[in-house]
**Student:** 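Submitted below is the structure of interest, expressed as structure tokens.
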Amino acid sequence: MPAWLMKTEPDVFSIRDLHRMRVSPWDGVRNYQARNFMRAMAVGDTVVIYHSNAEPSGIAGLAEVARTAYPDHTAWDPASPYHDPKDGPAIARWSMVDVRFVAEAKRFLPLDQLRAEPQLADMLLFSRSRLSVQPVEDRHLAWIRSAAGM
DNA sequence: GCCAACGTTGGC
DNA sequence: GCCAACGTTGGC
């Protein structure tokens with residue numbers, strides 16, 4: 001089963017917010033590569049939740065895909081911070097999925113620790129640092145689960 | 001289709 | 001708040 005990593009700024013939406021909501025749409029992704037990865041997701045896929053722009057940044061928990069990709073209507077809403085003036089219901093260029101809370105990391109994994117781990121050296125997190133939705137290898141996921149206690 | 005200008009991400 | 005990396009836009 002494929003696994004993914006999705007970034008969120010905890011000041012905006014954190015693993016605890018997801019815990020509280022249980023299921024949440026993952027809106028606001030405005031990058032084609034990230035969008036295409038979301039479109040490839042299946043219900044039940046594991047999602048590693050990564051806190052970016054945080055102190056510290058790092059892996060904060062686990063979620064799973066609860067609904068496959070559907071149009072991200074926040075792009076059509078002029079009042080939304082994710083508004084895309086070039087988009088509309090007839091175009092629907094952006095997608096989102098729903099994610100369901102699975103676990104908060106018992107041990108938060110800060111970026112420093114991830115970078116220092118040789119087994120994670122080839123994670124896209126480091127080579128494609130600006131990609132907010134990305135696939136995660138099984139062996140990386142196994143290491144993350146074990147290190148975070150989840 | 002190239003590429004310079006511009007905007008955004010995200011670590012620090 | 002700064003700035004490097006890098007994705008996107010738009011003129012040509």
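Residue numbering restarts at 1 for every chain, and letters A, B, ... go by the order of the sequence lines.
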**Student:** Quick check: on DNA chain C, is the nucleotide nearest A:R128 upstream (toward 5') of the one nearest A:K86, or the reverse? Name the residue that is more 5'.
**Tutor:** A:R128
**Student:** The criterion is ring pair (Phe, Tyr, Trp, His ring centres under 6.0 Å); which residues satisfy it with A:Y82, sequence neighbours excluded?
**Tutor:**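 Partners of A:Y82 by the ring pair (Phe, Tyr, Trp, His ring centres under 6.0 Å) criterion come out as none, since no residue qualifies.
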**Student:** Please give, in whole Å, the distance from B:dT8 P to A:R30 CZ?
**Tutor:**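 Between P of B:dT8 and CZ of A:R30: 13 Å.
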**Student:** Kindly give the heavy-atom pair with the smallest separation between A:F108 and A:Q113, and that separation in Å.
**Tutor:**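 Shortest heavy-atom contact: O-OE1, 4.3 Å.
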**Student:** Judged by each residue's nearest nucleotide on DNA chain B, which is more toward the 5′ side, A:G28 or A:D112?
**Tutor:**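 Nearer the 5' end of the strand: A:G28.
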**Student:** At 4.0 Å (heavy atoms only), tell me whether A:Y50 reaches a base, stays on the sugar-phosphate, or touches nothing.
**Tutor:** sugar-phosphate
**Student:** Mind calculating the distance between CG (A:D11) and C1' (B:dT9) to the nearest angstrom?
**Tutor:**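 That distance rounds to 15 Å.
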**Student:** Treating Ile, Leu, Val, Met, Phe, Trp and Tyr as nodes and any side-chain heavy-atom pair under 4.5 angstrom as an edge, say whether A:L114 and A:L141 lie in one connected cluster.
**Tutor:** yes
**Student:** Mapping A:N53 and A:Q33 to their closest nucleotides on DNA chain C, which lands nearer the 5' end?
**Tutor:**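 Closest to the 5' end, via its nearest nucleotide, is A:N53.
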**Student:** Quick check for you: among B:dG11, C:dT8, B:dT8, whose closest atom lies nearest to any side-chain atom of A:S57?
**Tutor:**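 Of all the options, the side chain of A:S57 is nearest to B:dG11.
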**Student:** How about NE2 on A:H19, more than 12 heavy atoms from neighbouring residues, nucleotides or ligands closer than 6.0 Å, or not?
**Tutor:**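 Not more than 12 within 6.0 Å, no.
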**Student:** Rounded to the nearest Å, what distance is computed from the CG atom of residue A:D84 to the C1' atom of nucleotide B:dT8?
**Tutor:** 14 Å
**Student:** How about A:Y50 and A:W4: are their ring centroids closer than 6.0 Å?
**Tutor:** no
**Student:** Between atom CD1 in A:I59 and atom P in B:dG11, what is the gap in whole Å?
**Tutor:**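 So the two atoms are 12 Å apart, to the nearest Å.
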**Student:** How long is the line joining OH of A:Y32 and P of B:dT8, in whole Å?
**Tutor:** 15 Å
**Student:** Is the distance from OP1 or OP2 of B:dT9 to the nearest side-chain N or O of A:K7 less than 4.0 Å?
**Tutor:**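 Result: no.
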**Student:** Taking CH2 from A:W94 and P from C:dG7, how many angstroms apart are they, rounded to a whole number?
**Tutor:** 13 Å
**Student:** Specify the separation, in whole Å, of atom CG of A:L125 and atom P of B:dG11.
**Tutor:**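 It is 8 Å, rounded to the nearest whole Å.
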**Student:** Quickly work out the A:R130 CZ to C:dT8 P distance and round it to whole Å.
**Tutor:**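 In whole Å, C:dT8 P and A:R130 CZ are 9 Å from each other.
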